[in-house]
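The structure under discussion appears below in the form of structure tokens.
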Amino acid sequence: MILPIYLYGHPVLTSPALEVDLTDPILPGLIQDMFETMYAASGVGLAAPQIGRPMKLFVMDASGFDEKRFAHEKRVFVNPIILQEEGEPWPFNEGCLSIPDVRGDVLRKPRVQVEWTDQDGKRQLQWFDDMPARIIQHEYDHLLGKLFVGYLSPLRRQMVQRRLQSIQKGSTNAAYPVCAASPPGGRPKR
Ligand code: NI
């Protein structure tokens, strides 16, 4: 099932996510819905707060970025912890499904060591680099209630300010279902 993606301005996107109960029976279906929602929106990562659930959970499929190099980077991260980040920060023009049509350069370190629980309930520990590392850092930020626009330079930030305000009011051309923070009509649409 394709779920609406919560837009910039919604409080769930700026609240810290909570630990996931691995025995929660909704989990398998939720993970499936998150992949479906992410693919429908042509994304390469999606965090649970983006579908309105403040849970420490995100999905990633980096093959959407480069089919050959990242063919095996389709993963589920439950209760992830970034243990280490290393290397010289590199810029990439990031976007976010919760902030349609806004992009901006963000500096992040190229390598991360992550500990997480996978879709089979197994605890994993691994280093990632390149785009998978970047996606993990971006999605992990969502679990902390942080959005990439928080990293933009003051000038860039000023340039996208009006756009952010209109997204907050629910004005977007996103080609996928959304849930706006405060649409002009009053009640949030679902
Ligand atoms: Ni995002």
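Computed over heavy atoms, backbone and side chain alike; hydrogens, waters and symmetry mates excluded. Atoms within each ligand, like the ligands themselves, are counted from 1 in listed order.
The existence of a salt bridge linking E86 and R111 is confirmed by a sub-4.0 Å separation between a basic side-chain nitrogen and an acidic carboxylate oxygen. A salt bridge between D105 and R156 is absent, with no side-chain N of the basic residue lying under 4.0 Å from a carboxylate O of the acidic one.
Distances from the Ni ion (ligand 1) under 2.8 Å pick out these protein N/O/S atoms: C96 SG, H138 NE2, H142 NE2.
Cation-pi check for R123 over W116 is not met; the charged atom does not lie both under 6.0 angstrom from the ring centroid and within 45 degrees of its normal. The cationic atom of K74 (NZ for Lys, CZ for Arg) lies less than 6.0 Å from the six-membered ring centre of F35 and within 45° of the ring axis.
In the model, Q126 has no side-chain atom that pairs as donor or acceptor with a side-chain atom of Q113 under 3.5 Å.
Between the side chain of D118 and the main chain of D120, a donor-acceptor pair closer than 3.5 Å is present.
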